[in-house]
S.K.: 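My questions all concern the structure below.
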2 protein chains.
Amino acid sequence: MSIEQFSVRGRLADTGEGITADELQLAARNHGMPLEGLRYDVTPPGLHYVLVHYDIPATNAATWSLTVDGCVEQPLSFSLTHLRAMGRRTVRVTLECAGNGRAALQPRPISQPWLNEAVGTAEWTGVLLSDLLRAAGIRADAVDVVFTGADHGVERGVEQDYQRGLSVTEAIDSGAIVAWEMNGQPLPPQHGYPLRLVVPGWYGMASVKWLRSIELIDHEFTGFQNAVAYRIRKTADDPGEPVTRIEPRALLIPPGFPDFMSRHRFVAAGTVTLHGRAWSGWAPIERVELSVDAGVSWHPAKMDAVGNDELAWRSFSYDWDATPGEHVLTVRAADASGREQPIEAEWNRGGFANNTAQRITVLVT
Amino acid sequence: MSIEQFSVRGRLADTGEGITADELQLAARNHGMPLEGLRYDVTPPGLHYVLVHYDIPATNAATWSLTVDGCVEQPLSFSLTHLRAMGRRTVRVTLECAGNGRAALQPRPISQPWLNEAVGTAEWTGVLLSDLLRAAGIRADAVDVVFTGADHGVERGVEQDYQRGLSVTEAIDSGAIVAWEMNGQPLPPQHGYPLRLVVPGWYGMASVKWLRSIELIDHEFTGFQNAVAYRIRKTADDPGEPVTRIEPRALLIPPGFPDFMSRHRFVAAGTVTLHGRAWSGWAPIERVELSVDAGVSWHPAKMDAVGNDELAWRSFSYDWDATPGEHVLTVRAADASGREQPIEAEWNRGGFANNTAQRITVLVT
């Protein structure tokens, strides 16, 4: 018997196939943000979405070291104490899992079965990645920067430490930080304690947790998470396009109160102020439109001010005159780069970057 | 259209029926503790299991009030400031959801689809419930104590605030506390901010979150969560027995490293020290036995000392001589009350209090 035999290849669910035992195992470990969590400007850590590919590793801040090496003038190794002495910057960032919305796709790619809730906003404190790279000295032959975490496992037959690459330009221009605090506290274990990368604007896969190594290489990084996983493909043998920045999305806090099991919503007739948040990893959110008739007609939402951190979510509201009967609420965002959230995003085989508009069915009584 | 039409009745999954869309909605909101979280004596808040029946309510600590009334000499109302002046006690408690293990049952009751991970241990700080009741003065006609949370929803057609009752004796003898801190911090929103009940030894449904009212009544409480939900029944029309204290259970930290999708485990041959935790809500854990051959032979685990808090989990270990090939690890606990964890617990229609032994398949390479 070999490791490969027990490693499941990606596949699509059959027509009508329920969520599988494998998907349930992932859903029971990882978690989204219950959408009423959209009420908080900054998501409390235990409500922020979490996706862990392998296991949360056992780590020790006192002995942790981060190496910066490869195509640099001077390889360096940092303890947490050294890093803290390099600077201290806090950024508010909305992170979303690249697979958010996957479980609603037809056919459904079998993997972590997110609905709409794989999102969260936190204040991350650390040092600018560009400052670390400049401290080591970026050599002219450096092409990509490879980030390695302490989490180890197998994926589609490949045993690996979790690794992601960015180009040198992306690593610097993204404003990425190497963070040791989340919302003013040490990182929780599941969010990368004691040290992680945070790449503002990018889907979460880029923000390597339990960060132990930064290596500059003189060629394009072809590791599993860049070249095999996290590609937008129409077919299994399509090389695909890389998943990068977060597509615009708006989500409403479901109004009223729910049924425990169906999560169907109930609201009393009258004026109901709907609240939500919208974000994009490409540019600040410019507008949000709402529909209370399943997309037949659309109305502009009242936009709250943009905060200092342009890639953190922006809140909005809309006064809905709720009349008795069943209504389908839906919402869509557009950003300053001209990207508009579609009602139905294009399907892809990994279920990535799917920003299909949220739909909430509400019974007004 | 009425609320009742949209409220799903309890049912069992058909043979071979995958996890349903309703179950997935719950699994995406609520979350368990990834089992590597068993390595922490005290579970960080974001790793502690969470089950919320309806929505996490919007609450305000500054204006919060807890009323104590009904069959008391003197009805009282407490602000958070008043409560803090009543005393301060910290208890370490292992809480487990009554539905833990449900999703592995055959046939599967359709509800929150837990595997084994709906558990966590925290230090809760607050005031003894018995001190609050005595401050109000328990009248001789008081029979049950009804706890009401601020969370509101519908369940099987019944619109309700989440409410649970305990007898006056249980309320006092359980050592229950009304808590405002979890692990030395204000309660996170999903764990009941700003105030909750914690009933040591009882399944989690008794520990009412977002606690706003304590009412003593002169008869047995027949509210939904006591009389309809949380009953151990063989058939739908069986009145059933109430779910109360936590049955003994042991869980191992899955050794080695996992495949992302299948969660199958891989371990290198040699001596592998297996670690785990065991708990019971009836009495301290006395012993844990392990099997590395799927239950054919059993070996005593090395038990770590019992802590000060007898109803918090107890850690154990076992040195396993791992030889190449596939092995099935399983584990069972016994407590000082004489209760022994079964290999296969008896089925019931709600999937409650199911302490069937964990099984982990490991490939040793």
Side-chain angles (χ1 to χ4, degrees), chain A residues 1-3 6-8 17-32 34 36-37 39-40 44-48 50 52-56 58 103 110-111 113-115 117 152-156 159 188-191 254 257-264 266 325-326 363 365, chain B residues 1-3 6-8 17-32 34 36-37 39-40 44-48 50 52-56 58 103 110-111 113-115 117 152-156 159 188-191 254 257-264 266 325-326 363 365:
Chain A
M1 281 177 290
S2 70
I3 284 179
F6 290 96
S7 188
V8 178
E17 183 179 5
I19 300 293
T20 65
D22 279 355
E23 288 169 290
L24 177 60
Q25 288 188 103
L26 287 169
R29 287 178 53 78
N30 299 305
H31 70 85
E36 62 271 30
R39 77 167 69 102
Y40 307 103
L47 290 179
H48 193 291
V50 177
V52 175
H53 277 240
Y54 314 124
D55 287 353
I56 300 166
I110 300 229
S111 184
W114 295 123
L115 297 168
E117 64 295 306
H152 184 86
V154 180
E155 215 160 333
R156 295 186 233 170
E159 187 177 340
Q190 71 275 28
H191 289 292
F257 57 87
D259 177 63
F260 168 69
M261 192 67 218
S262 68
R263 309 313 291 178
H264 202 93
F266 308 102
E326 198 174 49
L363 179 66
T365 56
Chain B
M1 281 178 289
S2 70
I3 286 180
F6 291 96
S7 189
V8 179
E17 183 179 4
I19 300 295
T20 66
D22 280 356
E23 288 169 290
L24 178 60
Q25 289 187 104
L26 287 168
R29 286 178 54 77
N30 299 304
H31 70 87
E36 62 270 31
R39 77 166 72 100
Y40 307 103
L47 290 179
H48 194 291
V50 177
V52 176
H53 276 240
Y54 314 124
D55 287 351
I56 300 166
I110 299 228
S111 184
W114 295 123
L115 297 168
E117 65 294 305
H152 184 87
V154 180
E155 215 161 334
R156 295 185 233 170
E159 186 177 340
Q190 71 275 30
H191 289 291
F257 57 87
D259 178 63
F260 168 69
M261 192 66 219
S262 67
R263 310 313 291 178
H264 202 93
F266 309 101
E326 197 173 51
L363 179 65
T365 55

S.K.: Please determine, among A/Gly46, A/Ala27, A/Pro254, the option with the most heavy-atom pairs under 4.5 Å with chain B.
M.R.: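 Among A/Gly46, A/Ala27, A/Pro254, the one with the most close pairs to chain B is A/Gly46.
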S.K.: Checking heavy atoms, do the side chain of B/Pro188, its backbone, both or neither come under 4.5 Å from chain A?
M.R.: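 Interface part for B/Pro188: neither.
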S.K.: Tell me, for A/Gln25 versus chain B, whether the close heavy atoms (under 4.5 Å) come from the side chain, the backbone, both or neither.
M.R.: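 It is both, since atoms from each part get that close.
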S.K.: Identify which part of A/Glu159 has an atom lying under 4.5 Å from any heavy atom of chain B, answering side chain, backbone, both or neither.
M.R.: side chain
S.K.: For a side chain to side chain contact (heavy atoms under 4.5 Å, CB included) check, start with the C-alpha distance between B/Gln190 and A/Leu47, then their side-chain angles and the critical distance, and finish with the verdict.
M.R.: CA-CA 8 Å; B/Gln190 71 275 30; A/Leu47 290 179; 3.5 Å; yes
S.K.: Give me the ring orientation class for A/His31 and B/His31: parallel if the planes are under 30° apart, tilted from 30 to 60°, perpendicular past 60°.
M.R.: parallel
S.K.: Walk me through whether A/Tyr54 and B/Phe257 qualify under side chain to side chain contact (heavy atoms under 4.5 Å, CB included).
M.R.: CA-CA 7 Å; A/Tyr54 314 124; B/Phe257 57 87; over 6 Å; no
S.K.: A/Glu17, A/Met261, A/His48: which one forms the most heavy-atom pairs within less than 4.5 Å of chain B?
M.R.: A/Met261
S.K.: I want to check something: taking the side chain as every heavy atom from C-beta on, are B/Leu24 and A/Leu115 in contact at a cut-off of under 4.5 Å?
M.R.: yes
S.K.: Is chain B contacted by the side chain of A/Leu26, its backbone, both, or neither, given a heavy-atom distance below 4.5 Å?
M.R.: side chain
S.K.: Please rank B/Gly18, B/Gly37, B/Ala103 by heavy-atom pairs under 4.5 Å with chain A and give me the top one.
M.R.: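 Highest number of heavy-atom pairs under 4.5 Å: B/Gly18.
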S.K.: Checking B/Glu155 against chain A: side chain, backbone, both or neither under 4.5 Å from a heavy atom?
M.R.: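 For B/Glu155, backbone and side chain are both near chain A.
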S.K.: Quick check for you: among B/Ala58, B/Gly32, B/Gly153, which has the greatest number of heavy-atom pairs under 4.5 Å with chain A?
M.R.: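 If we count pairs closer than 4.5 Å to chain A, B/Ala58 comes out on top.
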S.K.: Is B/Phe266 close to chain A through its backbone or its side chain, or both, or neither, when contacts mean heavy atoms under 4.5 Å?
M.R.: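 Only the side chain of B/Phe266 comes within 4.5 Å of chain A.
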S.K.: So do A/Glu23 and B/Ile19 actually touch side chain to side chain, heavy atoms under 4.5 Å?
M.R.: no
S.K.: Any Lys/Arg nitrogen of B/Asp55 or A/Arg39 sitting under 4.0 Å from an Asp/Glu carboxylate oxygen of the other?
M.R.: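 No salt bridge links B/Asp55 with A/Arg39.
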S.K.: Under 4.5 Å heavy-atom distance to chain A, tell me which part of B/His53 shows up: side chain, backbone, both or neither.
M.R.: both
S.K.: If I measure from the heavy atoms of chain A, does B/Ala21 come under 4.5 Å with its side chain, its backbone, both, or neither?
M.R.: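 For B/Ala21, no heavy atom lies under 4.5 Å from chain A.
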S.K.: Grab the two heavy atoms, one from B/Ser262 and one from A/Asp22, that are nearest each other, plus how far apart they are.
M.R.: CA-OD1, 3.8 Å
S.K.: Does the pair B/Glu36 and A/Arg29 meet the rule for a side chain to side chain contact (heavy atoms under 4.5 Å, CB included), with working shown?
M.R.: CA-CA 10 Å; B/Glu36 62 270 31; A/Arg29 287 178 53 78; 2.8 Å; yes
